[in-house]
K.L.:
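Take this structure first; my questions come after.
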There are 2 protein chains.
Amino acid sequence: MRSSRAARPVKKPKDQYHHGDLRRALLLAAIRTIQKQGFEALTLRAVGDELGVSRTALYRHFADKSALLTAVAAEGFRMLRVEQVTAWETGGRNVAALMAMGEAYVRFALSNPWHYRVMFGSGFELLASDPELVEEGKGAFQALADALSQLQADGFLRKEEGRTQATFVWAVVHGVAMLAMDGNCEHQGVGAAELTRYSIDRLLTGIVAPCATTPV
Amino acid sequence: MRSSRAARPVKKPKDQYHHGDLRRALLLAAIRTIQKQGFEALTLRAVGDELGVSRTALYRHFADKSALLTAVAAEGFRMLRVEQVTAWETGGRNVAALMAMGEAYVRFALSNPWHYRVMFGSGFELLASDPELVEEGKGAFQALADALSQLQADGFLRKEEGRTQATFVWAVVHGVAMLAMDGNCEHQGVGAAELTRYSIDRLLTGIVAPCATTPV
DNA sequence: ACCTGAACACCGTTCAAGT
DNA sequence: ACCTGAACACCGTTCAAGT
């Protein structure tokens with residue numbers, strides 16, 4: 001279908017309308033705007049303008065603004081998963097690598113604060129049942145769950161229900177990321193990097209005083 | 001000033017304009033709308049209509065919509081602090097009471113999901129430097145910090161920098177609350193109540209496997 | 001099929017005018 | 001001082017019309 005007629009200038013496919021993949025272009029433009037200008041700056045008009053396209057062209061590729069944001073969120077989970085898997089694998093698939101995953105998680109949120117917010121559906125309605133969003137969300141979760149599962153098998157972690165443990169670990173890095181993003185920790189005089197390092201330590205060891213056989 | 005002229009029907013103070021305290025009425029109406037209809041349903045017009053007042057009357061008491069939301073957030077932190085202090089004091093000011101605080105924290109978020117979101121400035125600009133917001137936010141944090149501080153003194157918790165430890169504990173319950181609210185844990189087959197209980201346990205003990213002297 | 005331009009309903013905000 | 005009604009700029013969305 002695509003190359004039915006042979007000799008034609010392949011570069012610009014006639015430029016009849018615009019790019020080759022407007023949907024992807026719209027998605028990336030939306031991410032860029034959110035990243036640089038924040039969530040409130042994202043208007044369908046601005047996205048269209050940036051691509052030199054009508055403000056209603058978007059409706060050919062997304063049902064509405066909510067669908068666009070859902071795609072932005074799904075793309076975010078994909079990016080996050082890649083960084084998580086990389087941290088785990090290059091870190092050596094051990095406890096140190098798990099800690100590197102935690103650091104990478106918080107770093108991702110702090111580097112992409114607005115994008116990260118969209119991923120967790122803050123302040124607006126996300127299409128929570130969107131198949132792509134669900135799949136990418138599960139994928140990011142699974143990267144963490146797999147790491148924990150192996151560390152359980154290796155005897156480094158408590159052996160307990162995997163998804164519950166994984167959700168807890170996720171909640172911890174998520175909470176740290178949110179507080180650090182909002183500046184809530186700096187507000188208490190605690191640096192984001194310091195909070196992250198401390199939190200990952202205590203995630204592993206807990207906050208209760210060690211037993212008497214261990215030096216306090 | 002208030003009772004200068006004596007004999008007058010005290011009930012309705014002439015009804016010249018409206019209520020006695022429009023600012024408070026606007027704040028409560030906004031909270032009610034957010035609570036029941038969600039964040040996107042909060043329009044200044046709707047708030048005005050609900051109180052039978054012009055849509056611009058609000059500008060006599062709040063600089064703009066952002067200022068109204070900031071007041072909503074501050075009120076939320078005040079409510080949260082009350083519940084936290086209650087849990088701590090009625091719980092007996094011990095480790096069990098700390099766990100009750102954690103449960104109460106998550107319960108607050110799950111009972112007031114939209115209000116809770118506003119408190120953490122999701123998706124819109126909050127007046128982060130607003131004195132009332134800062135004060136109430138610090139107050140809620142302090143309730144937790146005080147509890148931890150006493151448990152440290154009593155030897156139940158690791159003795160370390162108080163604000164860092166408190167911020168970590170806050171991050172954990174915050175993260176659990178967020179995931180539970182979004183249904184992200186149910187999505188993984190983990191119940192919110194189960195996640196909360198487990199998380200508070202592991203917050204205390206950590207996830208690493210106990211040392212050999214303790215039964216696994 | 002894909003895109004456009006005009007139009008509609010809705011919103012936050014401003015402002016001159018009322019009491 | 002406090003509130004109102006009309007007006008303005010902006011937004012998401014729809015739709016008939018173009019290619």
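Quick note on labels: first sequence line is chain A, next is B, and so on, each numbered from 1. Atoms considered below: every heavy atom in the structure, side chains included; atoms not considered: hydrogens, waters and symmetry mates.
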K.L.:
B/E136: which residues meet the salt bridge (Lys or Arg N to Asp or Glu O under 4.0 Å) condition with it, sequence neighbours left out?
P.N.:
B/R81
K.L.:
Please name all residues satisfying side chain to side chain contact (heavy atoms under 4.5 Å, CB included) with B/T56, sequence neighbours left out, ordered by chain then number.
P.N.:
B/S54, B/Y59
K.L.:
Considering just the side-chain nitrogens and oxygens of A/Y59, establish if one lies under 4.0 Å of OP1 or OP2 belonging to D/dT13.
P.N.:
yes
K.L.:
Counting N and O atoms only, with roles assigned by atom type, does the side chain of B/R78 sit under 3.5 Å from a partner on the main chain of B/G139, one being a donor and the other an acceptor?
P.N.:
no
K.L.:
Could you write nucleotides 4-10 of chain C as a row of B, S and -, 5' to 3', where a protein heavy atom under 4.0 Å of any base atom gives B, of only sugar-phosphate atoms gives S, and otherwise -?
P.N.:
BB-----
K.L.:
Just the rounded figure in Å: distance from P of D/dC2 to CZ of B/F62.
P.N.:
13 Å
K.L.:
For B/R107, is there an ion pair with B/E83 - N to carboxylate O distance below 4.0 angstrom?
P.N.:
no
K.L.:
B/K65 NZ to C/dT14 P: how many Å, rounded?
P.N.:
14 Å
K.L.:
How would you list, by chain and number, every residue that makes a side chain to side chain contact (heavy atoms under 4.5 Å, CB included) with A/A97, sequence neighbours excluded?
P.N.:
A/W88, A/N94
K.L.:
Going by the rule side chain to side chain contact (heavy atoms under 4.5 Å, CB included), which residues pair with A/V95 if we only count those two or more places apart in sequence or in a different chain?
P.N.:
A/M99, A/L151, A/F156, A/L204
K.L.:
Which dot-bracket string describes DNA chain D (Watson-Crick N1-N3 plus N6-O4 or O6-N4, or G-U N1-O2 and O6-N3, all under 3.5 Å; [ ] crossing; | other strand)?
P.N.:
||.|||||...|||||.||
K.L.:
Rounded to the nearest Å, what distance is computed from the CG atom of residue B/D64 to the P atom of nucleotide C/dC11?
P.N.:
17 Å
K.L.:
Among residues at least two apart in sequence or on other chains, which ones pass side chain to side chain contact (heavy atoms under 4.5 Å, CB included) with B/D130?
P.N.:
B/T70, B/L127, B/E132, B/L133
K.L.:
Considering every strand and a 4.0 Å limit on heavy-atom distances, what is the contact class for B/L42: base, sugar-phosphate, or nothing?
P.N.:
sugar-phosphate
K.L.:
Considering every strand and a 4.0 Å limit on heavy-atom distances, what is the contact class for B/L68: base, sugar-phosphate, or nothing?
P.N.:
nothing
K.L.:
Expressed as a whole number of angstroms, how long is the span from B/D49:CG to C/dC11:P?
P.N.:
9 Å
K.L.:
Could you give the CG-to-P distance, from B/L44 to C/dG12, as a whole number of Å?
P.N.:
4 Å
K.L.:
Taking CG from A/L26 and C1' from C/dC2, how many angstroms apart are they, rounded to a whole number?
P.N.:
13 Å
K.L.:
Applying salt bridge (Lys or Arg N to Asp or Glu O under 4.0 Å), name anything that partners A/E194, two or more places apart in sequence or on another chain.
P.N.:
none
K.L.:
Rounded to whole angstroms, how far apart are CD on A/E40 and P on D/dG12?
P.N.:
12 Å
K.L.:
List in chain and number order the residues that pass ring-ring contact (aromatic ring centres under 6.0 Å, His included) with A/F108, two or more places apart in sequence or in another chain; answer none if no residue qualifies.
P.N.:
none
